[in-house]
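A quick write-up on the structure given underneath.
Note on naming: letters A, B, ... go to the chains in the order of the sequence lines (proteins, then strands), and numbering restarts at 1 for each one.
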Amino acid sequence: MCNFFILLIRIKLILISIISILDHIMSKDFNQLSPRAKQTYLDNLRHSTAHVLAEAVLKLFPQAKLTIGPPIEDGFYYDFDVKKSFTPKDLKIIEKEMRKIINKNTEFIEHEVTRTEAKLSVKNNSYKLEILDSISDNEKITLCSHSDGNFEDLCRGGHIKKTGEIKAFKLMSSAGAYWRGNEKRPMLQRIYGTAWESKESLEKYINKREEAIKRDHRKLGKDLELFFFDELAPASPYFLPNGTIILNQLYKYLRELYKKYEYKEVVTPQIFDTELWKISGHYSNYSENMYFIQQDEKEHGVKPMNCPGAALLYKSKSHSYRDLPLRLADFGRLHRYERSGVTHGLTRVRTFTQDDAHIFCTTDQIAPEIKSFLEMLSESYKTFQFNKLRFTLSTRPEKKVGNEKIWDNAETILKNVLDEFSSEYSIEDGEGAFYGPKIDVFVPDAIGREWQLGTVQLDFSLPERFNLEYTAQDGSRVNCVVIHRAMLGSMERFLGVLIEHLAGAFPLWLTPLQTIIIPIADRHINYCKSINLKLKDSGIRSEVDESNDRMNAKIRNAQIKKIPYMIIIGDNEIKKESISVRTRSKNDSNINSITNLIEKLNEEINLRSI
RNA sequence: GCCUCAGUGGCGCAGUGGCUAGCGCAGCCGAUUUGUAAUCGGCAGGUCGUCGGUUCGAAUCCGACCUGGGGCUCCA
């Protein structure tokens, strides 16, 4: 009996090794493909896995209606119209069912059908019928089947050969999603999954995801005591001393750039009579996102944007063409009511500060101003080593102010600047603001979700609504052009993305505590204090760890807090009047004198190196 | 706003109807004075998100609300 089990186990082991060898051969083939062919194969694989998912769901929940199941980055999803929602337990059961289908290793067969045949095959499914209606007459209509014809789905195509090719997949999560992405249409149940050409790739992906989750700014914000949230002010961050140091360093940096790029900074009010929001158009276009306050029998609006205030400030005196371009920076705090369910850590909040500025200029100055802004932006993003930037150009929406000619002109200017700027960008048709076209900059967070940071927008509406004029050379009164621009965007959002980008290990110039001095024994504390004094005198943020811990524990604590430099002091250092330096990255440091260290620290800070 | 999951000391978690709600870290006190990622011992800290209901009895079951997470929608 015992021998029999051993035999069984051996057979199983042999089978497993055969499978892994096959897997290896498969992935070797895959690795020889061109990057483009790789992507096509993965798309086909993922889309095919979605088909298998659909069959499994139908088997377990026969009343479910199929809708769509496309491949997405790293995986796929399938939307079902089904009464119940899927629990994590359901996902496990579905996954099991999928494995059964995969083990049968049946072929995916695509075949073309007539519209009538297609309609007949999906006659009870209003979603598929709607899809059919959206397919034009000159397009092919195809059905795809697998499991020897036991499962069939209306589908554009792009599959792998057999279900057995699906070697490595996992259902990740379920969520509600509106049909056709429209919140007025029914909510479907979506299942997200991931699929890869080999088990190794799947594992790699899952590990990478887990690592990324560790960099979540909400977790690091707590661990490093940067900020917190409280339910009495939902979606409104409190910045703790550590987080505030970082923010202030960012402001300091921005003000240096403003000096270089010739901006002037102003401060404007927080709350305005509703009258202002009526003039600016916010009252009719943006009031559902605004906070209102009733006072002295008057309605007031808390500012969601700085521009109307900036307009009033511009109007406070008369301007000549000689004043332009006038670049006014405003770090005003904004409040926007965001619907519950859309807020997200620091990256989507209800109160925030932008590194906002308004540039009042002539038409001729638009192009050079935008170019100069993009230069400043790229200079600053380089400082943070953001290398995965994505630029978009958003063009005229349906609801807009200004005539077609003005828009043509504005869009052309932005396009030319972007072309000259030689960065890749995509055009988002109809996504511009009602008052003008814009360029946006997107940066991904740890798990790849993109956040809009920088933005530059032309505005034809504001000068008209507020009558923002200047006196031209010929003495005539001309409306100026307003350019809204934010470089880092919202400081809160920027910090959130930055934390994830750096995994909480801030460069020396930003980090809350730059050096920590660790005495090995209490008798070393006085010497540590004298070192600390020297560092602080040179403007370094430094502390002595006087806790009762052992040196090892102090080093560990400093590592966890990601403090860039640890200075360790024992008998040897005191005897030689030197210091011993350890960096958080454990790079060897030959520095053994405090003077040299201070010099090096200041250099690193001034260069803002990462 | 919609779908869904969750909420237990500062943080991370255990506890699925029945003794006084546990554990680790952090904190405080004491001992220890140590050479490059955790020294030992003790103490203190929670009306289990809020309100209501079911029950002899609720952290645990039900409902509403609040807050947060994952999505969808939205995002001047």
Whole-Å distance between [N] [atom2] and [X] [atom1]?
X: A/Asp216; N: B/G12; atom1: CG; atom2: C1'; value: 15 Å
X: A/Glu288; N: B/U73; atom1: CD; atom2: C1'; value: 14 Å
X: A/Ile560; N: B/A38; atom1: CD1; atom2: P; value: 9 Å

When the P atoms of B/C62 and B/U16 are considered, how many whole Å apart are they? 15 Å
Separation between the C1' atoms of B/G45 and B/G53, rounded to whole Å: 32 Å
With a 6.0 Å cut-off on the ring centroids, do A/Phe352 and A/Phe494 count as close? no
Please report whether the ring centroid of A/Phe61 lies less than 6.0 Å from that of A/Phe86. yes
Each nucleotide of nucleotides 29-35 of chain B classed B (base within 4.0 Å of a protein heavy atom), S (only sugar-phosphate) or -, in 5' to 3' order, makes --BBBBB
Do A/Tyr178 and B/G71 share a donor-acceptor pair, side chain to base, under 3.5 Å? no
Per the atom types in the model, does the base of B/C74 pair as donor or acceptor with the side chain of A/Arg348 at under 3.5 Å? yes
With rounding to the nearest 0.5 Å, note down the distance linking CZ in A/Phe373 to CZ in A/Arg485. 5.0 Å
Collect all protein-nucleotide pairs involving nucleotides 42-49 of chain B in which both atoms are nitrogen or oxygen and the distance is under 3.5 Å.
none

Does B/G68 have OP1 or OP2 sitting under 4.0 Å from an N or O in the side chain of A/His344? no
For a quick check of understanding: with a heavy-atom distance under 4.0 Å over all strands, which category does A/Ser85 fall into, base, sugar-phosphate or nothing? sugar-phosphate
